[in-house]
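Here's a structure for you.
As the structure lists them, so they are numbered: ligands from 1, and atoms in each ligand from 1. These numbers were taken from a predicted model, which means no experiment stands behind them.
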Amino acid sequence: MSHGSSLSRRELLQRIALGVSLTPLVSGGLSPVLASPSPLLSVDAPEAKAVKYVEDVRKAPGATPGSSCASCGLYQGKNGSAQGPCQLFPGKDVKAAGWCSSWAPQM
Ligand code: SF4
């Protein structure tokens, strides 16, 4: 065995060890960053005002009992989440307790 091939084997083993040690960081350590929520939709945004969006359904005179973003067919937040995406507002989150005039029942 030559000295040069021994170094190459050592380098290879070091790279494998480095890759194994970084795998948890890449697979698990960054996922909270990637899963961070989108910015909340402002009630003052023109698109929010257009559909009378409120962050608290209790402040929506037109809301029917039991309707809120959490029970809306366009809401894409996880069950029990405080906020989540809405198909009506790409790139923005809405409050689960919110409501707007485009509320639709879940199918
Ligand atoms: Fe909430 Fe549904 Fe209106 Fe989106 S469409 S803001 S989820 S009530």
Atom 4 (Fe) of ligand 1 to nearest N/O/S of Cys100 below 2.8 Å: no
Beyond-backbone contact of Asp44 with Tyr53, side-chain heavy atoms, under 4.5 angstrom: no
For atom 1 (Fe) of ligand 1, closest protein heavy-atom neighbour: Cys69 SG, 2.3 Å
Interfacing atoms of ligand 1 (cut-off 4.0 Å, heavy-atom, Leu74): 5 (S)
NZ-SG distance between Lys52 and Cys100, expressed to the nearest 0.5 angstrom: 10.5 Å
Matching residue for Val94 among Pro85, Ser38, Cys69, Ser68 - test: side chain to side chain contact (heavy atoms under 4.5 Å, CB included): Cys69
For atom 4 (Fe) of ligand 1, the protein heavy atom that lies nearest, with its residue and separation: Cys86 SG, 2.3 Å
Phe89 neighbourhood, listing ligand 1 atoms whose heavy-atom distance to it stays under 4.0 Å: 6 (S)
Shortest protein heavy-atom distance from atom 2 (Fe) of ligand 1, along with the residue and atom involved: Cys72 SG, 2.3 Å
Heavy-atom closest pair, residues Lys49 and Val43: CG-O, 3.5 Å
Ser81 (side chain) donor-acceptor with Ala96 (main chain) under 3.5 angstrom: no
Under 4.0 Å to a heavy atom of Tyr75 - the qualifying atoms of ligand 1, by number: 7 (S)
Atom pair NZ (Lys95) and CG (Leu41), whose distance is rounded to the nearest 0.5 Å: 11.5 Å
